[in-house]
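Worksheet: one structure, shown below.
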Amino acid sequence: MSTPTTRRVSAEQQAREADLVETVVASFDHAPDERYREVMQSLVRHLHAFIRDVRLTEAEWQRAVEFLTAVGRITDDRRQEFVLLSDVLGASMQTVAVNNEASANATEATVFGPFFVRDAPLIEQGGDIAGDGAGEPCWVEGTVTDTTGRPVAGARLEVWEADEDGFYDVQYGDDRVAGRAHLYSGPDGSYRFWGLTPTPYPIPDDGPVGSLLAAAGRSPYRASHLHFMVTAPGCRTLVTHIFVRGDELLDRDSVFGVKESLILDFARHEASERTPDDRDLGGRTWSSTRFDIVLAPAAV
Ligand code: BEZ
Ligand code: FE
């Protein structure tokens with residue numbers, strides 16, 4: 001796979017290859033489901049264009065089959081290597097982009113990731129999502145509004161993050177619940193909670209996707225972030241993260257999830273500084289940030 005293709009292809013050869021594309025495309029002409037037909041015919045055209053573009057060798061085709069087989073073998077209930085592959089190829093983010101069209105000043109969406117858990121604990125406004133998760137306390141506050149600026153009361157905010165060792169609770173395999181919770185925005189759309197100051201962590205890189213990254217000289221690390229999923233009646237569900245300004249990984253996030261609009265200032269605070277809720281942090285430093293969330297209207 002090391003030499004770029006320079007070979008010219010004769011007109012007769014090109015015609016043979018083009019004929020095959022049309023034959024395969026036509027094999028889907030009578031698919032009863034119109035959307036299936038559209039997707040598969042486009043997939044065939046793009047796949048054949050790729051094979052012809054790089055003049056794929058049979059050995060490379062074989063290697064690709066072996067790679068995808070390895071991706072399948074390592075995938076189980078707890079690990080989804082196909083999603084990880086989609087993530088590192090930017091396909092997940094492109095799907096997010098296509099499905100979350102820009103809508104006035106609505107907050108941008110980003111990749112969901114594999115570590116969301118349904119039914120995370122409910123916390124009150126100002127509660128703590130950390131559980132026993134290790135890390136520096138971080139005060140997060142903001143408002144939820146619609147694109148006209150009206151407060152969205154009772155929006156459900158799901159928040160989840162890795163601990164300072166770079167692991168989500170579910171990665172410990174011992175049923176602990178830490179670094180995740182849900183809460184509801186107040187009547188004025190405001191919300192606040194204690195989390196952990198986000199730190200960088202690697203995506204799972206001990207499988208075929210890790211080998212792919214290594215072959216490209218790419219890092220498996222994700223820029224430091226905190227996940228949000230925000231739902232409210234009449235609004236488009238927002239799946240997003242907030243990122244930490246100044247993090248050196250912002251321009252090489254392994255899954256292309258960073259958007260400029262999602263990079264926030266995280267203020268640093270000395271242990272001696274009073275917290276917004278007068279909490280006793282046991283002599284620890286802490287950070288704080290503000291994330292004002294704007295929800296797009298639900299599609300009609
Ligand atoms: C995450 O942010 O949790 C994540 C996203 C994509 C792949 C792996 C992890
Ligand atoms: Fe994450």
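Numbering starts at 1 and runs along the sequence shown. Counting starts at 1 for both ligands and their atoms, in listed order.
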(request) Would you please indicate yes or no on a ring centroid separation below 6.0 angstrom for Phe112 and Trp160? (result) yes
(request) Would you indicate whether Tyr172, at its atom OH, is surrounded by more than 12 heavy atoms from other residues, nucleotides or ligands within a distance under 6.0 Å? (result) yes
(request) Specify the protein heavy atom at minimum distance from atom 2 (O) of ligand 1: its residue, its atom name, and the distance to 0.1 Å. (result) Arg222 NH1, 2.6 Å
(message) Which heavy atom of Arg55 sits nearest to which heavy atom of Glu60, and what is that distance?
(response) O-OE1, 4.4 Å
(request) Answer yes if the side chains of Tyr201 and Tyr168 hold a donor-acceptor pair under 3.5 Å, and no otherwise. (result) yes
(request) Ignoring hydrogens and angles, state whether a donor on the side chain of Trp194 or Asp277 is under 3.5 Å from an acceptor on the partner side chain. (result) yes
(message) Quick check on the Fe ion (ligand 2): does His241 put an N/O/S atom closer than 2.8 Å to it?
(response) no
(request) Specify the protein heavy atom at minimum distance from atom 3 (O) of ligand 1: its residue, its atom name, and the distance to 0.1 Å. (result) Tyr201 OH, 2.8 Å
(request) State whether Asp132 and Arg176 are salt-bridged, where the test is any N-O pair (Lys NZ or Arg NE/NH1/NH2 against Asp/Glu carboxylate O) under 4.0 Å. (result) no
(request) Using a strict 4.0 Å cut-off to heavy atoms of Phe115, name the atoms of ligand 1 that fall inside it. (result) 3 (O), 9 (C)
(request) Below 4.0 angstrom from a heavy atom of Leu84, which ligand 1 atoms are there? Numbered from 1 as shown, please. (result) 7 (C), 8 (C)
(request) Say whether Ser92 and Ser86, considering side chains only, have a donor N or O and an acceptor N or O under 3.5 Å apart. (result) yes
(request) Give the atoms of ligand 1, by number and element, whose distance to some non-hydrogen atom of His227 is under 4.0 Å. (result) 1 (C), 2 (O), 3 (O)
(message) Starting from atom 7 (C) of ligand 1, what is the nearest protein heavy atom, named by residue and atom, and what distance separates them?
(response) Asp87 OD2, 3.2 Å
(request) Pick one of side chain, backbone, both or neither for how Trp160 approaches ligand 1, counting any non-hydrogen atom pair under 4.0 Å. (result) neither
(message) Among all protein heavy atoms in this structure, tell me which lies nearest to atom 5 (C) of ligand 1, with the distance rounded to 0.1 Å.
(response) Gly113 CA, 3.4 Å
(request) Please state which part of Phe112 comes within less than 4.0 Å of ligand 1, counting heavy atoms only: side chain, backbone, both or neither. (result) neither
(message) With heavy-atom distances below 4.5 Å as the criterion, would you say the side chains of Val117 and Val170 are in contact?
(response) yes
(request) May I ask you to identify, for Val83, whether its side chain, its backbone, both or neither come under 4.0 Å of ligand 1 on a heavy-atom basis? (result) neither
(request) Give a rough value, rounded to 10 degrees, for the angle at the Fe ion (ligand 2) between atoms NE2 of His225 and NE2 of His227. (result) 90°
(request) Using a strict 4.0 Å threshold on nitrogen-to-oxygen distance, state whether Glu66 and Arg73 make a salt bridge. (result) no
(message) Among all protein heavy atoms in this structure, tell me which lies nearest to atom 4 (C) of ligand 1, with the distance rounded to 0.1 Å.
(response) Pro114 CD, 3.5 Å
